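The block underneath contains the structure these notes are about, expressed in structure tokens.
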Amino acid sequence: MRKRSPGLDESLLTHLPPFSRLERHQIRAILDQATSRRHDVGVHIFDEGAEADRFYLLLDGYIRVVRITPTGDQVVALHIPPGQLFGIAQALGRDRYPATAITAAEALTLSWPMRLWTPFVSEYDGFASETYATVGNRIGEMNTRLVEMATQAVEQRVANALLRLVNQTGRRVDDGIEIDFPITRQDLSEMTGTTLHTVSRLLSAWERDGLVRSARKRITVTDAHALVLRSQGSAAPDDTVTPPR
DNA sequence: ACATTAAAGTCGA
DNA sequence: TCGACTTTAATGT
């Protein structure tokens, strides 16, 4: 199941930001300490609150980072695309995972024991600065989502969530950009703090207007520009003043 | 403007 | 065929 990975090619890591400044023999050493693993879709790689014993690099697939409330409601915090580290509790000064990581699509990961985190940071040039940069980006994204939640109407939030997804995980297809992993109305509602019904109605309306095309678990944005307009909203929120033209 | 409830339709394993 | 997913409409706040 889980296997040692001396057979992995160094080129797997050479282009990725955390490792891009390293020598070949350094990457070899890193790979030799890694465990590689394939995960089916929908499995928990680690759970919120569990002891953070390993950190991970996503080679392929997608990870959904989720928090679960006592009543069982899920909130999707963010999605991790291939090439990024996750489960890096140590970088945040934690010894337990702050959220749950679930595969959004079949995934391939490398992982290392968390005790290697400190040596990696001190020995490998650029590792720390690059990983803190991605941590910063994630915090920035969560930050803008916080503002969206507080100020924007549901249609704008869902439009923004969709746009982020196509930007981060979109794949070009003939008639637009498709989200690269299966995603349901429920998932989208959990990302935007609304219900699956509202998401369904919005997607139906957008499909009628030719902005998106969707089948079950598949969403393609066919007119990103028009969707950007929806994400900015035409109607002003209750207590804001609409500036004159 | 949006959630909730209810019902029914559709798709895939 | 069954359950997961989706849609639609009616009604509530």
Side-chain angles (χ1 to χ4, degrees), chain A residues 1 38-45 47 60-80 100-108 142 144-166 168-171 173-224 226-245:
Chain A
M1 178 104 266
R38 196 196 63 83
H39 308 262
D40 283 326
V41 58
V43 305
H44 291 215
I45 294 184
D47 285 290
D60 194 22
Y62 290 92
I63 302 294
R64 205 192 310 279
V65 178
V66 161
R67 299 212 49 190
I68 302 173
T69 70
T71 58
D73 295 323
Q74 283 197 10
V75 177
V76 176
L78 53 97
H79 286 91
I80 311 272
T100 299
I102 304 175
T103 53
E106 184 176 315
L108 201 59
M142 293 193 288
T144 59
R145 293 218 300 149
L146 179 71
V147 172
E148 284 176 18
M149 290 283 195
T151 63
Q152 296 188 334
V154 166
E155 181 177 28
Q156 299 161 42
R157 301 208 301 268
V158 177
N160 275 310
L162 250 188
L163 287 168
R164 267 193 295 275
L165 283 173
V166 298
Q168 294 167 8
T169 75
R171 183 168 46 85
V173 291
D174 15 320
D175 58 344
I177 306 171
E178 182 180 65
I179 294 171
D180 203 20
F181 55 86
I183 184 163
T184 65
R185 313 301 192 249
Q186 174 89 45
D187 294 328
L188 219 34
S189 72
E190 286 168 356
M191 300 173 60
T192 52
T194 183
T195 64
L196 75 158
H197 308 275
T198 298
V199 171
S200 176
R201 282 188 285 266
L202 285 170
L203 285 176
S204 296
W206 291 343
E207 180 146 19
R208 212 179 38 241
D209 299 346
L211 309 198
V212 304
R213 194 171 47 71
S214 71
R216 75 166 25 196
K217 295 192 177 188
R218 287 280 155 196
I219 301 175
T220 303
V221 173
T222 51
D223 188 345
L227 194 57
V228 168
L229 294 183
R230 295 293 211 293
S231 78
Q232 268 135 215
S234 40
D238 280 350
D239 58 355
T240 64
V241 179
T242 316
R245 195 60 307 214

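Chain letters run A, B, ... following the sequence lines, proteins first and then strands; every chain starts at 1. Just so it is clear, the structure is predicted and the values come from calculations on it, not from any experiment.
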(message) My understanding is that only residues two or more places apart in sequence, or in another chain, count here; which of them pass side chain to side chain donor-acceptor pair (under 3.5 Å) with A/Arg145?
(response)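 In terms of side chain to side chain donor-acceptor pair (under 3.5 Å), with neighbours along the sequence ignored, A/Arg145 is linked to no residue.
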(message) Does a side-chain N or O of A/Thr198 approach OP1 or OP2 of B/dC2 to a distance below 4.0 Å, or not?
(response)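 For A/Thr198, the contact criterion (side-chain N or O under 4.0 Å from OP1 or OP2 of B/dC2) is not met.
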(message) B/dC2, OP1 or OP2 - any side-chain N/O from A/Thr194 closer than 4.0 Å?
(response)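 Indeed not, no polar side-chain atom of A/Thr194 lies that close.
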Donor-acceptor contacts, no H, no angles, side chain residues 211-218 of chain A, under 3.5 Å, sequence neighbours left out:
from, atom 1, to, atom 2, distance (Å)
A/Arg213, NE, A/Asp175, OD2, 2.7
A/Arg213, NH2, A/Asp175, OD1, 3.3
A/Arg213, NH2, A/Asp175, OD2, 3.2
A/Ser214, OG, A/Arg185, NH2, 3.1
A/Ser214, OG, A/Glu207, OE1, 3.3
A/Arg218, NH1, A/Ile179, O, 3.3

Using a heavy-atom cut-off of under 4.0 Å over every strand shown, decide if [X] touches base, sugar-phosphate, or nothing.
| X | answer |
| --- | --- |
| A/Ser204 | sugar-phosphate |
| A/Leu196 | base |
| A/Ser200 | base |

Just the rounded figure in Å: distance from [atom2] of [N] to [atom1] of [X].
| X | N | atom1 | atom2 | result |
| --- | --- | --- | --- | --- |
| A/Arg201 | B/dC2 | CZ | P | 11 Å |
| A/Glu190 | B/dA3 | CD | P | 14 Å |
| A/Leu202 | B/dA3 | CG | P | 9 Å |
| A/Glu155 | B/dA3 | CD | C1' | 16 Å |
| A/Gln186 | C/dG3 | CD | C1' | 15 Å |
| A/Ile183 | C/dT6 | CD1 | P | 10 Å |

(request) Starting at CD1 of A/Ile177, measure out to OG1 of A/Thr220 and round the result to the nearest 0.5 Å. (result)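 A/Ile177 atom CD1 to A/Thr220 atom OG1 measures 9.5 Å (nearest 0.5 Å).
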(request) Rounded to the nearest 0.5 Å, what's the gap from OG1 on A/Thr144 to CG on A/Asn160? Could you check? (result)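 Those atoms lie 8.0 Å apart.
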(message) So if I define the base as every atom that isn't primed, P, OP1 or OP2, how would nucleotides 6-13 of chain B read as a B/S/- string at a heavy-atom cutoff under 4.0 Å?
(response) B---BBS-
Could you go through residues 197-204 of chain A and list every donor-acceptor pair under 3.5 Å that involves a side-chain atom there, pairing it with any protein atom two or more places apart or in another chain?
from, atom 1, to, atom 2, distance (Å)
A/Thr198, OG1, A/Thr195, OG1, 3.1
A/Ser204, OG, A/Ser200, O, 2.9

(message) Using the salt bridge (Lys or Arg N to Asp or Glu O under 4.0 Å) criterion, which residues pair with A/Asp174? Sequence neighbours excluded.
(response)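 For A/Asp174 there are no salt bridge (Lys or Arg N to Asp or Glu O under 4.0 Å) partners, ignoring immediate neighbours.
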(request) Report the residues that fulfil ring pair (Phe, Tyr, Trp, His ring centres under 6.0 Å) with A/Tyr62, sequence neighbours left out, ordered by chain and then residue number. (result)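 Partners of A/Tyr62 under the ring pair (Phe, Tyr, Trp, His ring centres under 6.0 Å) test: A/Phe181.
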